[in-house]
Amino acid sequence: MPELPEVEYERRRLQRVMTCARIQRVVTRRANLRYAFPPDFAPRLESQTVVAVRRRAKYLLAELESGDVLLMHLGMSGGFRVADGDAEYDRHDHVIFELSTGAVVIFNDPRRFGFMTLLRADDIESHRALARLGPEPLSARFGAAILARALGRRRTPLKIALSDQRVIAGLGNIYVSEALYRARLSPKRRASTLVTRTGTPRPALDDLVRAIKDVLRVAIRNQYRTRAADPFLVYDREGERCPRRGCGGTITRIVQGGRSTFYCPVCQR
DNA sequence: CTTTCGTCCTGACTGC
DNA sequence: TGCAGTCAGGACGAAA
């Protein structure tokens, strides 16, 4: 479930706890998550100081003083918790970082779709997972022009295109549905119909860009508030009345690419 | 090149 | 009450 807003929230927490701290001890409590840990994972991390914790798409990157980067993905159920000295661990606590400050950072991931690996400074740009990622939706340069280039030749439905991390980085199943709802665009609409034949953005694409940015900004803000409650307008609300004033439609669930999409067939076109 | 599909994993949930 | 079956999700590699 972690998409860009949840990962950004985790980044800010880790940034606060880990920056300037030295990693004293690393414990991997099983041999693999999604992938096996590199054989020298713990030794290479130990005694290094964390310079910063960054985010790219749904990846977290802890930069170390050596220039190496601890690359982390939360998969679908991953998350961190911070304890002081003596923590109790459960069976899904897979990686423990003991810091020089006395804080202990614990990575928990029941479904183990997440992973961690350690990259040499020179390998970061070329890393398989990072090299192909599309633009960051909250960056200043992300706009209709960039998105037009990515969508222009796409024949897939909008929902599928926006879920592709090479088109735009960081959206997942939930926020794609939410953004399309805000933009009043049907998830079934062909991606290329938001772009003219000459490759310039149509007005609907401007709406979509604004909707994506708004939905992500609000979601990041919401992380600090009601993390338990679902603040979603359409996601997982099949059968409910469309919340848009005067619409009267019913939120509908369809399956696209093997995943659920939620939308209002009345106001999303 | 683009697009689709199966796979990994566990917990929550449904139905008998 | 128990147990089998289904579903959810992100990324990736294989196949079309």
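Computed from heavy atoms alone, side chains included, the values below leave out hydrogens, waters and symmetry copies. Within every chain, numbering begins at 1; the chains are lettered A, B, ... in the order of the sequence lines, protein sequences first and strands thereafter.
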Spacing between [X] atom [atom1] and [N] atom [atom2], to the nearest angstrom:
| X | N | atom1 | atom2 | result |
| --- | --- | --- | --- | --- |
| A/M116 | C/dG10 | CE | P | 19 Å |
| A/L33 | C/dA11 | CG | P | 15 Å |
| A/D236 | C/dA8 | CG | P | 9 Å |
| A/R55 | C/dG10 | CZ | P | 15 Å |
| A/L4 | C/dG10 | CG | P | 12 Å |

message = Looking only at side-chain N and O atoms, does A/S100 offer a donor or acceptor that is under 3.5 Å from a partner on A/Q24?
response =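 Checked: A/Q24/A/S100 side chains show no N/O donor-acceptor pair below 3.5 Å.
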Measure the [atom1]-[atom2] distance between [X] and [Y] for me, rounded to the nearest 0.5 Å.
| X | Y | atom1 | atom2 | result |
| --- | --- | --- | --- | --- |
| A/H73 | A/L60 | NE2 | CG | 9.0 Å |
| A/R34 | A/T117 | CZ | OG1 | 13.5 Å |
| A/L70 | A/F41 | CG | CZ | 5.0 Å |

request  = Give A/S163 one of three labels, base, sugar-phosphate or nothing, depending on what nucleic acid heavy atoms sit under 4.0 Å from its own.
outcome  =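 No contact.
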ask   = Under 4.0 angstrom, heavy atoms only, what part of the nucleic acid is A/R253 near: base, sugar-phosphate, or nothing?
value =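 The residue A/R253 makes sugar-phosphate contact but no base contact.
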query = Would a 4.5 Å heavy-atom cut-off, applied to side chains only, mark A/L216 and A/E3 as touching?
reply =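 Side-chain contact under 4.5 Å: no.
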Search all heavy atoms of [X] against all heavy atoms of [Y] and return the closest pair with its distance.
| X | Y | result |
| --- | --- | --- |
| A/A42 | A/V26 | CB-O, 3.7 Å |
| A/T19 | A/V53 | OG1-N, 4.4 Å |
| A/G257 | A/I160 | N-CD1, 3.7 Å |

ask   = Quick check, are the ring centers of A/Y9 and A/Y224 under 6.0 angstrom apart?
value =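 Yes; A/Y224 has its ring centre under 6.0 Å from that of A/Y9.
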query = Do A/R259 and C/dG10 share a donor-acceptor pair, side chain to base, under 3.5 Å?
reply =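 Indeed there is one.
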request  = With axes from five pairs an end, tell me the bend angle of the helix from B/dT2-C/dA16 to B/dC16-C/dG2, nearest 10°.
outcome  =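 Helix axis angle between the two ends: 50°.
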query = Taking it one step at a time, do A/R55 and A/E136 satisfy salt bridge (charged side-chain N to carboxylate O under 4.0 Å, His left out)?
reply = CA-CA 10 Å; A/R55 179 188 59 74; A/E136 283 291 325; 3.0 Å; yes
query = Quick one: is C/dG10 close enough that its OP1 or OP2 comes under 4.0 Å of any side-chain N or O from A/H73?
reply =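 Result: no.
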ask   = Does A/Q165 have a side-chain nitrogen or oxygen under 4.0 Å from the phosphate oxygens OP1 or OP2 of C/dA11?
value =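 For A/Q165, the contact criterion (side-chain N or O under 4.0 Å from OP1 or OP2 of C/dA11) is met.
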Geometric cation-pi criterion A/R11 and A/Y59, 6.0 Å radius, 45° cone =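 No, a cation-pi geometry is absent between A/R11 and A/Y59.
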request  = Consider only side-chain heavy atoms of I, L, V, M, F, W and Y, link residues closer than 4.5 Å, and tell whether A/L45 and A/L61 are in one cluster.
outcome  =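 Different clusters: A/L45 never reaches A/L61 through Ile, Leu, Val, Met, Phe, Trp or Tyr contacts under 4.5 Å.
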Could you list the donor-acceptor pairs under 3.5 angstrom formed by side chains in residues 258-265 of chain A, with sequence neighbours left out?
from   : atom 1 : to     : atom 2 : distance (Å)
A/S260 : OG     : A/R253 : NH1    : 2.4
A/T261 : OG1    : A/K159 : NZ     : 2.7
A/T261 : OG1    : A/Q256 : OE1    : 2.7
A/Y263 : OH     : A/K188 : NZ     : 3.4

Provide a list of protein-nucleic acid N or O atom pairs under 3.5 angstrom, restricted to nucleotides 12-15 of chain C.
from   : atom 1 : to     : atom 2 : distance (Å)
C/dG13 : OP1    : A/R128 : NH1    : 2.8

message = Any residue in residues 89-97 of chain A with a heavy atom nearer than 4.0 angstrom to DNA chain B? Just list them by number, or reply none.
response =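 DNA chain B contact set from residues 89-97 of chain A: A/R91, A/H92.
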For residues 198-208 of chain A, tabulate all N or O donor-acceptor pairs below 3.5 Å that involve a side-chain atom, not counting sequence neighbours.
from   : atom 1 : to     : atom 2 : distance (Å)
A/T198 : OG1    : A/T196 : OG1    : 3.1
A/T200 : OG1    : A/T196 : OG1    : 2.7
A/R202 : NE     : A/T193 : O      : 3.2

inquiry  = Can you give me the first and the last nucleotide of DNA chain B (5' to 3') that has an atom within less than 4.0 angstrom of a non-hydrogen atom in chain A?
reply    =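 Taking any atom under 4.0 Å from a heavy atom of chain A, the span is B/dT3 to B/dG11.
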